[in-house]
Amino acid sequence: MSGNEITTDVVIIGAGPVGLFAVFELGLVDLKCHVIDILDRPGGQCAELYPEKPIYDIPAFPEISGQGLTDNLMKQIAPFSPEFHYSQMVTNVEKLPEGGFRVTTDAETVFNAKVIVIAAGGGSFQPKRPPVADVEQYEGKSVFYAVRKMDDFRDQDVVIVGGGDSALDWTLNLEPITRSLTLVHRRDQFRGHADSVNKMHALVEEGRINFVIGQLGRLEGKDGQLEEVVLNTKAGEMGIPATRLLPFFGLTMKLGPVADWGLDLHDNALITVDTEKFETSVPGIFAIGDINWYPGKLKLILSGFHEGALMAQAAKRIVHPDEKVIFQYTTSSTKLQKKLGVA
């Protein structure tokens, strides 16, 4: 073992809500975690794609934003001092003859761990770029694929392109703060919720937003700052003043290197697990959250939380096979309460 390799009990791949809650459950059974994520911050898709969009099905929170949920989870796991490795992708997993695994990232960080937990959501994901020339020069300055801060769009001329829930939701959410807002879709039919479509049409009738049937033609601007979006419509080219563009063309979801780790896959897209421990076909490697599959699987955050709790009990037995696993409640166990700093 090299001296610069990090040794830990568990490596968690994915810092989304399910991966973060896994830190908590593993911490309760005294397992130390290192967390790796391809993004540059915690929260995964939840915080990356809709940080300010409300989530309504988290137990005990009638409404909470993706960023709010992430912030709360980070507070909850703070007592266990997990270590995070952002902007890195796991490229290789090697099973060691003495037991455990060697995990290597594209930043050449190397870990030795007894257990691996894959909590990578749908895998590595990237937004699909619109098929227009030179879009790259505007990205991150005036072309964005997600709304991280609504204030970045305040008093701006915003063009949103797309016909799904993301395009409709941000049309409705950003309209009150923009200088102008135009929604562009290739047809007058939408994939989003009917209620959102009706609300959008009502805003058009009130003259508060514009709706154009057409497709992106080209972008005009300089030094990364957008000045105009040119659309291709049935009537010909149409130029729209624009300082911000939000193209919602969907995401490209890929398992990435995970597909080459020798795990049994379902439809070549999801990792097959059991429903007792949420262990994969390789002992010691678990998969929780949206990236796994089993009969009856529901892609819900709360399902991932449940999977993480059962995984942690099994992980404890692998890391410390000589220790008896005693299930305890945080409400009554002074031992657990001391770990959490509340006793």
Side-chain angles (χ1 to χ4, degrees), residues 4-49 51 66-94 100-125 255-258 261 263 271 273 278-280 284-292 301 304-316 318-319 339-340:
N4 60 0
E5 294 180 4
I6 297 168
T7 300
T8 185
D9 295 325
V10 182
V11 164
I12 298 175
I13 302 169
V18 172
L20 296 178
F21 190 68
V23 172
F24 181 81
E25 290 295 329
L26 290 161
L28 291 179
V29 293
D30 295 317
L31 298 187
K32 172 70 176 175
C33 301
H34 281 251
V35 186
I36 305 167
D37 200 281
I38 196 168
L39 300 175
D40 61 359
R41 64 181 71 83
Q45 298 176 45
C46 192
E48 178 74 4
L49 299 184
Q67 190 60 55
L69 178 62
T70 300
D71 292 343
N72 283 352
L73 284 164
M74 291 295 285
K75 291 177 186 175
Q76 190 174 28
I77 66 177
F80 302 116
S81 302
E83 295 187 46
F84 290 88
H85 306 267
Y86 297 121
S87 302
Q88 298 187 42
M89 180 173 67
V90 174
T91 53
N92 189 59
V93 172
E94 175 189 356
F101 305 89
R102 178 175 287 116
V103 178
T104 307
T105 75
D106 57 359
E108 299 184 354
T109 310
V110 180
F111 305 83
N112 279 276
K114 295 287 183 64
V115 167
I116 296 174
V117 178
I118 304 172
S124 174
F125 68 97
L255 272 182
V258 176
W261 295 351
L263 306 174
I271 301 171
V273 294
F278 301 96
E279 194 169 30
T280 70
I285 300 182
F286 299 81
I288 59 177
D290 285 1
I291 202 165
N292 75 12
I301 294 173
F305 289 168
H306 157 76
E307 294 159 12
L310 270 64
M311 171 277 298
Q313 300 294 307
K316 172 73 172 183
I318 292 173
V319 178
K339 291 178 186 176
L340 298 173

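In this chain, residues are counted from 1 in sequence order. Note that these values count all heavy atoms, side chains included, but never hydrogens, waters or copies made by symmetry. What you see is a predicted model, and the numbers here were worked out from it, not measured in a lab.
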Just by distance, do the side chain of T8 and the backbone of A113 share a donor-acceptor pair under 3.5 Å? no
Any chance you could lay out the side-chain contact (heavy atoms from CB on, under 4.5 Å) test for V35 and V23, step after step, and finish with the verdict? CA-CA 8 Å; V35 186; V23 172; 3.8 Å; yes
Please confirm whether F305 and F21 have ring centers closer than 6.0 angstrom. yes
Backbone of A15 reached by a side-chain donor or acceptor of D37 within 3.5 Å: yes
Is there a donor-acceptor pair under 3.5 Å between the side chain of D9 and the backbone N or O of K32? yes
When the aromatic ring centroids of H34 and F84 are compared, is their separation below 6.0 Å? no
Nearest 0.5 Å, please: how far is CD1 in I13 from CD1 in I291? 8.5 Å
Dump the intermediate steps for side-chain contact (heavy atoms from CB on, under 4.5 Å) on L340 and F24, then the final yes or no. CA-CA 10 Å; L340 298 173; F24 181 81; 3.5 Å; yes
Quick one: CG on L263 to CD on E279, what's the gap to the nearest 0.5 Å? 11.0 Å
Do I118 and I271 have side-chain heavy atoms sitting under 4.5 Å apart? yes
Heavy atoms only: give me the nearest G284-I318 pair and the separation to one decimal. CA-CD1, 3.9 Å
Evaluate the side-chain proximity of K339 to D30: yes if any heavy-atom separation is below 4.5 Å, no if none is. yes
Can you tell me if D71 and Q67 form a side-chain donor-acceptor pair at under 3.5 Å? yes
Look up atom CZ in F101 and atom CD1 in I285, then write down how far apart they are to the nearest 0.5 Å. 4.0 Å
Can you confirm whether I6 sits close enough to H85 that some side-chain heavy atom of one is under 4.5 Å from a side-chain heavy atom of the other? yes
Any non-hydrogen side-chain atom of M311 less than 4.5 Å from a side-chain atom of V117? yes
Looking at side-chain heavy atoms only, is the closest gap between V11 and R102 below 4.5 Å? no
Nearest 0.5 Å please: distance from the CD atom of E83 over to the CD1 atom of I12. 12.5 Å
Less than 4.5 Å apart, any side-chain heavy atom of V258 and any of V90? no
Determine whether T7 and F111 make a side-chain contact, defined as any pair of heavy atoms from C-beta on separated by less than 4.5 Å. no
For the pair Q88 and D106, evaluate side chain to side chain donor-acceptor pair (under 3.5 Å) and give the outcome as yes or no after the intermediate values. CA-CA 6 Å; Q88 298 187 42; D106 57 359; over 6 Å; no
Please lay out, stage by stage, how N112 and V103 fare under the test side-chain contact (heavy atoms from CB on, under 4.5 Å). CA-CA 6 Å; N112 279 276; V103 178; over 6 Å; no
Donor-acceptor under 3.5 Å (N292 side chain, A287 main chain): yes
Determine yes or no for a side-chain-to-main-chain donor-acceptor pair under 3.5 angstrom, with T109 supplying the side chain and T105 the backbone. no
Gap between atom OG1 of T104 and atom CD1 of I36 - 0.5 Å precision: 9.0 Å
Report the C-alpha distance between F278 and L310 in whole Å, list the side-chain angles of each, state the deciding distance to 0.1 Å, and finish with yes or no for side-chain contact (heavy atoms from CB on, under 4.5 Å). CA-CA 7 Å; F278 301 96; L310 270 64; 3.9 Å; yes
Heavy-atom nearest pair, G43 first then L20, reads N-CD1, 4.5 Å
Does NZ belonging to K316 count more than 12 external heavy atoms closer than 6.0 Å? yes
Below 4.5 Å, heavy atoms only, C-beta onward: do P42 and Y86 meet side chain to side chain? yes
Do you know which two heavy atoms are closest between L73 and P17, and how far apart they sit? CD1-CA, 3.6 Å
Taken in chain and number order and not counting sequence neighbours, the residues that satisfy salt bridge (Lys or Arg N to Asp or Glu O under 4.0 Å) with E25 are none
